[in-house]
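Notes to accompany the following structure.
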Amino acid sequence: MTRSAAFLSLALLALPLSAHAAESTASVTKRATVTLVSDTDAVAPGTAYRLGLRFQIADGWHIYSRNPGDAGLPPDLAWTLPAGTTVGDIAWPTPRRLPEGPLMTFGYTKSAMLTLPATGPGPIQLHASWLICNNICVPEEADFNLDLPAGTPASSAEALLFDIAAQTQPRPSPFQARIAPDGTLVVGGAGLKAESVSEAWFIPHLPDLVTPTGKQILDRTADEISLRLPPGEAFRADQPLAGVLVLRDGSGQETALAVTATPGAAAASSSLWRTLGFALLGGLILNLMPCVFPVLAMKAMAIARLSAEARSTARAHAAGYTLGVMLSFAAIGGLVLGLRQAGHAVGWGFQFQSPVFVTAACWVLFAVGLNLSGLFEVGGRLTGSGQGLTLRNGFAGSFFSGVLAVLVATPCTAPFMGVALAAALTAPPVQTMALFLALGLGLALPAALLSVVPGVARLLPRPGKWMDVFKQALAFPMYAASAWLIWVISLQAGPDGVLAAATGLVLVAFAGWTWRVGRNWGAGLALLSIVAAGLVLAAAPVAAPSASAEPQAGERFTMARLGELRAEGKPVFVNMTAAWCVTCLVNERVALATTDVRQAMRQSQVTLLTGDWTRPNPEITTFLRSQGRDGVPLYLFFPPSNRPPVMLSQILTQQSVLDLLATYPYPPR
């Protein structure tokens with residue numbers, strides 16, 4: 001809006017309300033004055049004119065736009081019209097971004113006018129309701145009446161208000177816009193001076209398409225801009241995206257454009273390849289996580305055994321391991337797509353939120369430990385049946401090693417996997433599967449390369465008795481992982497869940513023992529034990545202890561509590577964690593639970609809010625999505641005085657937390 005237009009707007013708003021038919025009787029409260037106005041005093045049949053619901057809002061108060069953001073409600077208009085009179089859709093002014101604590105809302109302050117095209121004379125009745133907010137929100141409503149007689153159209157005294165209102169509305173965009181599957185909005189075309197755009201933000205017309213509190217990252221090229229939007233729960237990559245794009249130049253001048261972006265694969269190509277690269281890197285880093293170490297050690301031992309065998313045997317093992325990893329990631333991706341299609345919000349590691357899945361994983365790891373300890377060997381009776389069967393068994397063993405690697409890896413979210421996972425959980429189905437497979441390739445790549453690169457076998461130790469000792473030693477990390485999962489089950493399903501899991505461990509051990517000592521009858525008893533374990537799993541309790549239980553450290557996270565603390569201007573540290581997240585538990589032990597950090601938090605009056613994602617929690621899932629994350633851990637520090645939050649690394653140290661707290665002292669010194 002130009003300065004002259006702004007001056008004219010203020011002058012008109014200062015005028016007393018006119019009493020003729022072009023303006024209704026005003027609804028007046030201490031929060032707002034609202035009237036229904038027309039740009040004409042008389043209407044000729046079939047002639048178009050404009051109506052407007054005019055808000056003059058008291059200082060400090062605001063109303064909401066058609067997309068209110070994280071909270072609020074838009075104005076609602078109900079018309080009663082005579083025959084032959086019609087009213088069209090609202091032309092909304094460009095909304096402002098209105099932070100409210102940790103939330104982001106969109107609306108209007110001081111003044112706003114909702115304009116609508118209309119035709120036909122006669123008495124017009126409008127019942128309008130709206131929500132107006134400051135520190136509190138007050139619902140208001142009023143009835144408005146205008147009687148526009150038939151006659152020669154003549155501009156009313158309020159007509160200038162419509163010219164001013166038109167300047168507050170976004171103008172149709174002259175540029176082409178497309179939306180990528182990962183949520184990147186690309187705008188370009190003749191006349192766009194991308195280098196002059198210093199800041200940009202996008203507000204969709206409809207809620208839940210873009211996360212209001214998420215960061216929108218601006219990139220520029222010579223002839224176009226791209227804005228990486230955080231997709232919301234209602235975002236669909238194959239649907240157009242309509243909204244208001246606001247461009248701000250270096251001088252602070254803003255231009256609002258009405259944009260309808262069409263889905264476009266070309267806009268996402270570079271972004272997709274970048275995301276695939278992050279997925280591959282994340283899979284590689286996943287090999288370094290402690291929960292994957294035992295499986296990698298098993299694979300290294302198998303490669304050492306192959307050091308004297310034919311290269312084709314090594315390749316077969318590499319192919320089996322890689323296939324096991326890739327198919328497992330494909331299965332997880334398919335499950336994610338199925339749940340997403342059914343309307344469920346899922347995140348990385350979501351399967352570990354199910355006590356049934358955790359129980360099954362516990363039994364599998366325990367069975368692997370028993371196998372490493374020598375209690376039983378699947379396929380051992382086939383030894384000596386021929387070289388072909390030996391190779392087949394080797395391939396199968398490598399395949400299931402890959403499956404096991406994926407099984408134990410998923411709760412260990414690596415630091416560089418966040419971007420890839422966020423894209424995978426919101427992208428179209430084909431791209432979602434491509435990203436999951438890229439994660440799998442990264443996880444499988446080191447072991448596969450060790451198996452097929454010439455010369456690696458010569459660098460490995462020679463086979464010998466040490467390998468049997470090493471194999472048995474590897475059983476204990478598996479037993480430790482099983483014990484950890486029992487603890488997770490105790491948090492998810494309580495004592496009954498622990499009893500079911502322990503019963504299954506006994507049945508798994510009995511199956512392994514009968515498989516080894518028995519002959520024909522041994523296999524039958526082993527099968528019966530596995531069937532019994534399956535029945536126990538089917539009857540395992542899925543109900544968890546009370547979700548209202550307070551966490552061991554700090555207060556239980558809720559959006560309401562976070563909002564209260566932020567409204568008071570107090571510092572808040574948010575810890576999003578889960579019992580099945582190894583990285584979370586390590587960070588809490590080495591960085592958050594130390595005496596120095598706890599003392600520093602007390603001195604700075606920092607409130608620690610802990611969000612436990614061990615079980616499904618829609619509020620935590622929504623909060624993670626709002627920060628561009630689909631998994632834990634997530635650490636956010638909200639400094640005092642409502643300054644912007646600081647996102648910490650997924651790998652914490654005590655010193656990094658202490659340095660952060662020292663940067664934002666409270667009370668200010």
Side-chain angles (χ1 to χ4, degrees), residues 1 5-6 9 12-13 27 32-39 48-57 61-79 86-98 100 104-118 124 126-133 137 139-142 144 158-174 177 185 200-210 212 216 229 232 234 240-248 254-261:
M1 181 185 296
S9 174
L12 286 170
L13 292 177
S27 167
T33 298
V34 186
T35 57
L36 179 65
V37 298
S38 167
D39 68 347
Y49 61 96
R50 291 173 293 178
L51 294 172
L53 187 62
R54 180 189 180 203
F55 290 85
Q56 295 169 272
I57 305 169
W61 293 85
H62 61 268
I63 61 173
Y64 295 97
S65 178
R66 70 169 91 180
N67 174 9
D70 283 322
L73 291 171
D76 182 65
L77 311 184
W79 299 91
T86 63
V87 174
D89 295 331
I90 297 174
W92 295 85
T94 300
R96 296 182 58 188
R97 295 177 296 177
L98 305 172
E100 298 186 47
M104 177 64 74
T105 60
F106 309 124
Y108 312 106
T109 61
K110 296 185 178 179
S111 65
M113 192 159 78
L114 313 184
T115 62
L116 309 94
I124 296 174
L126 169 65
H127 179 80
S129 59
W130 59 91
L131 188 67
I132 187 165
C133 299
C137 288
E140 295 186 343
E141 60 181 342
F144 304 95
E158 289 75 21
L160 285 176
L161 292 173
F162 290 86
D163 296 333
I164 296 172
Q167 297 181 42
T168 68
Q169 297 165 5
R171 63 185 179 91
S173 174
L185 175 67
W201 59 91
F202 179 80
I203 301 175
H205 290 334
L206 300 178
D208 298 327
L209 294 174
V210 174
Q216 299 187 10
L229 307 176
L241 181 65
V244 179
L245 175 65
V246 182
L247 306 178
R248 176 182 290 170
E254 295 179 1
T255 301
L257 302 176
V259 171
T260 299

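Position 1 is the first residue of the sequence, and the numbers go up from there. As the structure is a prediction and not an experimental result, all values here were calculated from the model.
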Angle between ring planes, Tyr108 versus Trp92, binned at 30° and 60°: parallel, tilted or perpendicular? parallel
Residue pair Ser27 / Phe144, side-chain heavy-atom distance below 4.5 Å: yes
Passes side chain to side chain contact (heavy atoms under 4.5 Å, CB included), Val210 versus Leu229? Steps please. CA-CA 7 Å; Val210 174; Leu229 307 176; 4.0 Å; yes
Val246 vs Thr255 side-chain heavy atoms within contact, under 4.5 Å: no
Identify the two heavy atoms, one from Ser38 and one from Leu51, that lie closest to each other, and give their separation to 0.1 Å. CB-CD2, 4.0 Å
At their closest point, which heavy atom of Arg248 faces which heavy atom of Trp201, and how far apart are they? NH2-CH2, 3.4 Å
Separation of Ile63 CD1 from Cys137 SG (nearest 0.5 Å): 12.5 Å
Closest non-hydrogen atom pair, Pro170 against Ala258: CB-N, 3.8 Å
Student check: side-chain heavy atoms of Arg54 and Val34 closer than 4.5 Å: no
Output for pair (Leu257 CG, Thr94 OG1), nearest 0.5 Å, gives 9.0 Å
Quick one: side chain to side chain donor-acceptor pair (under 3.5 Å) partners of Arg50, sequence neighbours excluded? Asp39
Can you tell me if CZ on Arg96 sees more than 12 non-hydrogen neighbours from other groups inside 6.0 Å? no
dist Ser111:OG -> Phe55:CZ (nearest 0.5 Å) comes out at 11.5 Å
Main-chain N/O of Gly232 paired to Asp208 side chain as donor or acceptor, under 3.5 Å: no
Pairwise side-chain contact, Thr109 with Ile57, heavy-atom cut-off 4.5 Å (strictly under): no
Between Phe106 and Leu98, does the side chain to side chain contact (heavy atoms under 4.5 Å, CB included) criterion hold? Intermediate values first, please. CA-CA 6 Å; Phe106 309 124; Leu98 305 172; over 6 Å; no
About how many Å separate CG of Leu73 and OG of Ser65, when rounded to the nearest 0.5 Å? 12.5 Å
Less than 4.5 Å apart, side chain to side chain, heavy atoms only: is that true for Pro212 and Ile203? no
Drop me the distance from Thr105's OG1 to Leu131's CG, to the nearest 0.5 angstrom. 10.5 Å
Quick check: do His127 and Trp79 have side-chain heavy atoms less than 4.5 Å from each other? no
Measuring from atom CG of Leu241 to atom OG1 of Thr260, what distance do you get when rounded to the nearest 0.5 angstrom? 8.5 Å
Residues forming a ring-ring contact (aromatic ring centres under 6.0 Å, His included) with Tyr64, sequence neighbours excluded: His62
Considering all heavy atoms, the nearest Ala234-Leu209 contact: O-CD2, 3.4 Å
Check step by step if side-chain hydrogen bond (donor to acceptor under 3.5 Å, both in side chains) holds for Gln169 and Thr115. CA-CA 10 Å; Gln169 297 165 5; Thr115 62; 3.0 Å; yes
Please determine, by modelled atom types, if Glu140 and Trp130 share a side-chain donor-acceptor pair under 3.5 angstrom. yes
Thr168 vs Met113 side-chain heavy atoms within contact, under 4.5 Å: no
